[in-house]
Amino acid sequence: MFRKSALGAIAAAAAIALLPACGAGPGSTTRSASADEGRPAELVFAAIPSEQSDDLEASFAPIVTALGKELGIPVRFQAVTSNAAVVEAQVAKRVDVAVYGAFSYYLARTRADVEPVAVPVAEPGGEPGAYAYGVTRGGDSGISSLKDVAGKDVCFTDPGSTTGYLQPLASLREAGVDVDKDVKTVFTHGHDTAVASLLAGDCDIAFVGDVFIDQLLPARGQLKPGQVTKVWTSPLIPGPPIVVGTWLPQDVRDKIAKAVTGLTATGAASAGLCKGSEIKGPKTWGEHAGAPACTLGTSTAWTFVKATDATYQPITRICEVTKAEVCTSGG
């Protein structure tokens with residue numbers, strides 16, 4: 001399923017460069033296991049830089065600290081250059097716990113002994129992921145299902161967008177619509193611009209992320225009630241997982257899952273896990289809006305919920321149907 005590419009070779013080189021910094025795998029001289037049945041003396045937690053975080057280590061510090069307290073062993077944070085490099089490091093068993101994209105997990109699961117244990121939730125009572133919407137201009141568009149998209153002009157956001165292209169592409173193909181032959185495609189390079197193009201009459205249907213229709217564009221005054229009609233909603237597209245190596249003892253993996261799913265952003269702040277770097281809870285947190293909170297990773301997550309391989313079945317389906325490049329490069 002994995003095809004070695006130039007990108008993969010670069011990632012492998014990056015991972016090799018990373019390994020001395022991360023320490024070697026379980027049972028080695030640099031990261032020794034304790035006498036207790038292969039229990040690690042230290043865990044390595046890896047993540048990649050993000051435009052959403054100026055200080056990557058600080059953004060993950062509450063999670064790393066919570067893990068150390070739950071496990072009773074040191075947890076060392078390691079910044080890694082890319083999703084692909086983290087995957088290569090987990091293939092080599094040099095990184096015990098990692099956070100990376102859902103498509104990177106799809107790649108990792110075919111090559112490394114890993115499993116997802118948790119996925120972030122953006123707000124209290126929210127779901128662990130996002131939806132793609134297919135929206136038309138208000139009124140009778142002649143489109144009530146994906147089958148009706150054949151022969152229409154379609155706005156997608158970007159070829160690399162899951163909600164704005166990859167999931168809709170997979171679902172259109174499953175509905176019998178060949179995007180290469182049956183529709184005229186317009187890439188708008190943004191979710192907001194896809195909606196603007198739809199409203200301007202440049203396409204008959206636009207595929208965009210749910211948050212833009214439900215929250216962002218209405219809040220900006222760029223989308224008024226009744227201007228668009230939702231004609232399609234995708235399956236839930238899971239967020240970036242926390243992934244652990246299955247070479248760790250089961251009780252250690254269970255404790256990792258317990259530690260991260262037991263955190264909330266405000267609870268972490270109350271426990272002093274981010275002293276001096278607290279943020280204010282966003283409006284979407286309801287009664288917790290404005291409360292002191294910690295960042296739980298590079299996004300404004302409220303908490304984490306348990307995840308398994310089944311959680312990522314929608315990503316597997318997208319990859320099986322589309323054969324998209326991201327499924328082999330782990331972007």
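Position 1 is the first residue of the sequence, and the numbers go up from there. As a basis for the values below, the full set of heavy atoms in this structure was taken, side chains included, without hydrogen atoms, waters or symmetry mates.
- A 4.5 Å side-chain heavy-atom check between Leu217 and Val208 finds every atom pair outside the cut-off.
- Here Trp302 contributes atom CH2 and Thr266 contributes atom OG1; the two are 3.5 Å apart, rounded to the nearest 0.5 Å.
- Around the NZ atom of Lys258, the shell of radius 6.0 Å holds no more than 12 heavy atoms that belong to other residues, nucleotides or ligands.
- Looking at Arg253, its side chain never comes within 3.5 Å of a backbone N or O of Trp247 through a donor-acceptor pair.
- Contact of the Val195 side chain with the Gln222 side chain is not registered, since no non-hydrogen atoms from C-beta on lie closer than 4.5 Å.
- Among residues two or more places apart in sequence or in another chain, the salt bridge (charged side-chain N to carboxylate O under 4.0 Å, His left out) test is passed with Asp158 by none.
- Cluster annotation: Ile242 is connected to Leu273 through the hydrophobic network of ILVMFWY side chains, with a link wherever side-chain heavy atoms come within less than 4.5 Å.
- Closest of all the heavy-atom pairs between Ser171 and Trp232 is OG-CZ2, 3.3 Å.
- A salt bridge links Glu88 with Arg111: the distance from a Lys NZ or Arg NE/NH1/NH2 to an Asp or Glu carboxylate oxygen falls below 4.0 Å.
- Judged by distance alone, the side chain of Arg109 and the main-chain N or O of Asp309 form no donor-acceptor pair under 3.5 Å.
- Residues Ile205 and Val179 fall within the same hydrophobic cluster, defined by Ile, Leu, Val, Met, Phe, Trp and Tyr side chains chained together at heavy-atom separations under 4.5 Å.
- Under the 4.5 Å side-chain heavy-atom criterion for ILVMFWY residues, a single connected hydrophobic cluster contains both Leu166 and Val177.
- Thr246 contributes a side-chain N or O that, together with a main-chain N or O of Asp113, makes up a donor-acceptor pair within less than 3.5 Å.
- Ring geometry, Phe187 versus Phe156: the interplanar angle falls from 30° to 60°, so the pair is classed tilted.
- A 4.5 Å side-chain heavy-atom check between Lys152 and Thr136 finds every atom pair outside the cut-off.
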Could you check Phe103 against Cys327 for side-chain contact (heavy atoms from CB on, under 4.5 Å), going step by step and ending with a plain yes or no? CA-CA 6 Å; Phe103 284 96; Cys327 301; 4.0 Å; yes

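- Counting heavy atoms from C-beta outward, Leu67 and Phe45 have side chains that approach closer than 4.5 Å.
- Under the side-chain hydrogen bond (donor to acceptor under 3.5 Å, both in side chains) criterion, the residue pairs touching residues 193-221 are Tyr133-Asp214, Thr188-Thr193, with sequence neighbours excluded.
- Donor-acceptor pairing under 3.5 Å is lacking for the side chains of Thr316 and Glu320.
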Could you walk me through whether Val87 and Asn83 satisfy the side-chain contact (heavy atoms from CB on, under 4.5 Å) test, starting with their C-alpha distance in whole Å, then the side-chain angles of each, then the deciding distance to 0.1 Å, before giving a yes or no? CA-CA 6 Å; Val87 171; Asn83 280 319; 5.6 Å; no

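- Linking Ile, Leu, Val, Met, Phe, Trp and Tyr whenever their side-chain heavy atoms come within less than 4.5 Å puts Val99 and Val244 in one cluster.
- Here the closest non-hydrogen pair linking Cys274 and Pro62 is CB-CG, 4.2 Å.
- When side chains are defined from C-beta on, Val117 does not count as touching Phe304, because their heavy atoms never get closer than 4.5 Å.
- Residues Val119 and Val305 are in side-chain contact: their nearest non-hydrogen atoms beyond the backbone lie under 4.5 Å apart.
- Neither Phe207 nor Val228 shares a network with the other; the hydrophobic side chains, linked directly or stepwise wherever heavy atoms of I, L, V, M, F, W or Y lie under 4.5 Å apart, form separate groups for each.
- By the 4.5 Å heavy-atom criterion applied to side chains, Ile237 and Ile315 are counted as neighbours.
- Put simply, the side chain of Ile48 does not reach to within 4.5 Å of the side chain of Tyr100, judged on heavy atoms.
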Given side-chain contact (heavy atoms from CB on, under 4.5 Å), test Val252 with Ile73 step by step and report yes or no. CA-CA 11 Å; Val252 172; Ile73 59 175; 5.7 Å; no

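- Rounding to the nearest 0.5 angstrom, the gap separating the OG atom in Ser161 from the CG atom in Leu169 is 11.5 Å.
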